[in-house]
Trainee: 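Next up is a structure, given as structure tokens.
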Amino acid sequence: MTEYTSSLLRLLSERGYIHQMTDASALDALAAKQIVPGYIGFDPTAPSLHVGSMVQIMLLRRLQQAGHKPIVLMGGGTGKIGDPSFKDEARKLLTDELITQNVASIKTVFERFLTFGDGPTDAVMLDNAEWLDRLEYIPFLREVGQHFSVNRMLSFDSVKQRLDREQSLSFLEFNYMILQAYDFRELSQRYDCRLQMGGSDQWGNIVNGIELTRRMDGKEVFGVTTPLLTTADGAKMGKTMNGAVWLNEDALPAWDFWQYWRNADDRDVGKFLRLFTDLPLDEIARLEALEGSEINAAKIVLANEVTRLVRGDDAAKAAEATAAATFAGGGLGQDLPTLDVSDEGISIVDALVGLGFAASRGEAKRLVTGGGARIDGVAVTDEAYRITLSDKEIRVSSGKKKHGIVRRA
């Protein structure tokens, strides 16, 4: 492992955030002698970010922990185009109103991770619509466009892969990398921002911004990217069979969020603890070394720590208590999804759909006939089975990890 002099790069290196850097020695020297403002951009394509964005959010947290200034850049401007990097097709264009709503919804997450304010290392949140919406096309082409080579832009992997697959790349999307580069230059001028960070798929966009800032202003700025993060089984981080693992509470209940981390692959526990928690490295090493069934204790720590960061202490405690009641005690946890039904009861198929365990009745029927449905821990394979209720609540399960409560309304 490379030895760094700055606490920033030591912290990022020790916890596994660094994939690529531009001029590591110069950035290390800069971070060792002064506060470095650094930014990451987030496009508001949905009302919530998902777990796949957490590495970048934690990267801003690490920046602040090391005594530097995080800049959260909301893509109110670039979000009107959509980043084409490594996408198979163009994103659906969003209305200005929807973008504004998404930005407001996403902002709430960052307040748990960062300290905002007016101090030298306090985080700030900006929106690139502030400057991008005001650009005039011809002046922008003359001032900025002359610094970009189309030949070079076509050579970036994010573009080449789209073209090699003979999938259309619109002129609108092609402009995205120019606008992102312009963001870096604008932040450099307005806030003396010296560092842009992002995922490995952003390397080309970041390099463009560094070169544009150097050519137009003669100023040295830097870039850091994180490794492409996948789970041990090769799945993309933040995606499950049931969709994205959203960060906002109104997009995904705290219990489901906690369960995502509790169900982590044994091989991912150490990596996730380093990236997504503030636990000391020696404690992480101890937890990572647990074997057999003991590794489950480390997974509970992981689930608690991440849920506490994202959703708060009460949500983490409630989820753990629910897990203990549901699994260890065979009871019904209070934080499980619930479905209220009438005195007549409900079919197992409709219960699975109502609890969100199946997207349709057909999917629910296949789940039942395949042996994946249980009532109070007992398998039910008859799709015509009907749940009748007395005064008690009934636990309905899909597989071993998804549980809900059916109760009388």
Side-chain angles (χ1 to χ4, degrees), residues 8 11-12 15 17 35-79 98-130 183 187 190-191 193 195-199 226 237-238 244-258 260-261 272-273 275-279 302-320 335:
L8 172 62
L11 177 61
L12 298 186
R15 289 196 171 252
Y17 291 96
I35 294 172
V36 176
Y39 93 96
I40 299 177
F42 300 87
D43 276 347
T45 55
S48 171
L49 299 175
H50 60 66
V51 163
S53 297
M54 266 197 67
V55 170
Q56 309 312 321
I57 299 173
M58 289 299 295
L59 201 51
L60 290 170
R61 183 177 175 86
R62 302 302 185 211
L63 186 73
Q64 189 166 55
Q65 287 173 339
H68 301 280
K69 187 177 185 70
I71 299 173
V72 182
L73 183 64
M74 301 305 299
T78 45
L98 190 55
I99 288 173
T100 300
Q101 292 173 3
N102 288 349
V103 168
S105 179
I106 289 169
K107 280 182 177 180
T108 58
V109 170
F110 289 93
E111 294 169 356
R112 293 192 181 275
F113 288 85
L114 302 169
T115 300
F116 288 86
D118 299 322
T121 64
D122 285 343
V124 294
M125 182 172 286
L126 309 172
D127 189 334
N128 62 14
E130 181 182 344
D183 280 344
L187 290 171
R190 292 177 180 231
Y191 296 92
C193 182
L195 174 64
Q196 182 182 173
M197 301 176 290
T226 56
M237 188 72 188
V245 182
W246 299 107
L247 301 186
N248 284 35
E249 176 71 34
D250 56 0
L252 184 75
W255 160 254
D256 292 319
F257 185 81
W258 189 92
Y260 174 78
W261 300 99
F272 288 176
L273 285 167
L275 290 172
F276 301 119
T277 80
D278 290 335
L279 289 178
L302 171 66
N304 285 340
E305 291 296 318
V306 180
T307 305
R308 186 173 294 114
L309 261 179
V310 179
R311 301 294 182 83
D313 193 50
D314 289 346
K317 288 178 179 177
E320 184 180 13
D335 206 28

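Positions are given from 1 along the sequence. Below, each value reflects all heavy atoms present in this structure, side chains not excepted, and no hydrogens, waters or symmetry copies.
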Trainee: Quick check: do V72 and V124 have side-chain heavy atoms less than 4.5 Å from each other?
Mentor: no

Trainee: Are L252 and V245 side-chain neighbours, meaning at least one heavy-atom pair lies under 4.5 Å?
Mentor: yes

Trainee: If you compare all heavy atoms of P70 against all heavy atoms of T121, which two are closest, and at what distance to 0.1 Å?
Mentor: CD-O, 3.6 Å

Trainee: Kindly compute the distance separating CG (D314) from OG1 (T307), expressed to the nearest 0.5 Å.
Mentor: 12.5 Å

Trainee: For the pair K317 and E320, find out whether any cationic side-chain nitrogen is under 4.0 Å from an anionic carboxylate oxygen.
Mentor: no

Trainee: Kindly indicate whether a cation-pi arrangement holds for R62 with Y17, taking the cut-offs as under 6.0 Å to the six-membered ring centre and within 45° of the axis.
Mentor: no

Trainee: Does a side-chain heavy-atom distance below 4.5 Å link M54 with L49?
Mentor: no

Trainee: Between the side chains of Q65 and D278, is a donor N or O closer than 3.5 angstrom to an acceptor N or O?
Mentor: yes

Trainee: Hey, would you say the Y39 and Y191 ring centroids sit under 6.0 Å apart?
Mentor: no

Trainee: How about V51 and V306: do any of their side-chain heavy atoms sit closer than 4.5 Å?
Mentor: no

Trainee: Give me the atom names and distance for the closest heavy-atom approach of M237 to H50.
Mentor: O-CE1, 4.4 Å

Trainee: Donor-acceptor pair, distance only, cut-off 3.5 Å: does the side chain of D127 make one with the backbone of G76?
Mentor: yes

Trainee: Please report the interatomic distance CD1(I57) to CG(L309), rounded to the nearest 0.5 Å.
Mentor: 10.5 Å

Trainee: Taking the side chain as every heavy atom from C-beta outward, state whether V310 and F113 have any pair of such atoms under 4.5 Å apart.
Mentor: yes

Trainee: What is the distance from atom CG of N128 to atom CE of M74, rounded to the nearest 0.5 Å?
Mentor: 9.5 Å

Trainee: With side chain to side chain contact (heavy atoms under 4.5 Å, CB included) as the criterion, how do L275 and M58 come out once you've worked through the C-alpha distance, each side chain's angles and the decisive distance to 0.1 Å?
Mentor: CA-CA 7 Å; L275 290 172; M58 289 299 295; over 6 Å; no

Trainee: Any heavy-atom pair between the side chains of E305 and F272 that's under 4.5 Å?
Mentor: no

Trainee: What's the spacing between I71 CD1 and R190 CZ if we round to 0.5 Å?
Mentor: 11.5 Å

Trainee: Hey, are the side chains of F276 and W261 touching, using non-hydrogen atoms and a 4.5 Å cut-off?
Mentor: yes

Trainee: Measuring from I106:CD1 to L247:CG, what's the distance to the nearest 0.5 Å?
Mentor: 9.5 Å

Trainee: Indicate yes or no for a side-chain donor-acceptor contact from N248 to the backbone of S105 under 3.5 Å, with no hydrogens or angles considered.
Mentor: yes

Trainee: Of all the heavy-atom pairs spanning Q64 and D122, show the shortest one and how long it is.
Mentor: NE2-CA, 3.7 Å

Trainee: Decide yes or no for W258 and W255: does some side-chain heavy atom of the first lie under 4.5 Å from some side-chain heavy atom of the second?
Mentor: yes

Trainee: Show the nearest heavy-atom pair for residues W246 and S48, with the distance to one decimal.
Mentor: CZ3-O, 3.0 Å

Trainee: Nearest 0.5 Å, please: how far is OG1 in T226 from CD in Q56?
Mentor: 4.0 Å

Trainee: List the steps, then state whether side chain to side chain contact (heavy atoms under 4.5 Å, CB included) holds for Q196 with D183.
Mentor: CA-CA 10 Å; Q196 182 182 173; D183 280 344; over 6 Å; no

Trainee: Which heavy atom in A254 sits nearest to a heavy atom in A319, and how many Å separate them?
Mentor: O-CB, 4.5 Å

Trainee: Backbone N or O of A316 within a donor-acceptor pair of the R308 side chain at under 3.5 Å?
Mentor: no

Trainee: Are the side chain of K69 and the backbone N or O of L63 linked by a donor-acceptor pair below 3.5 Å?
Mentor: no

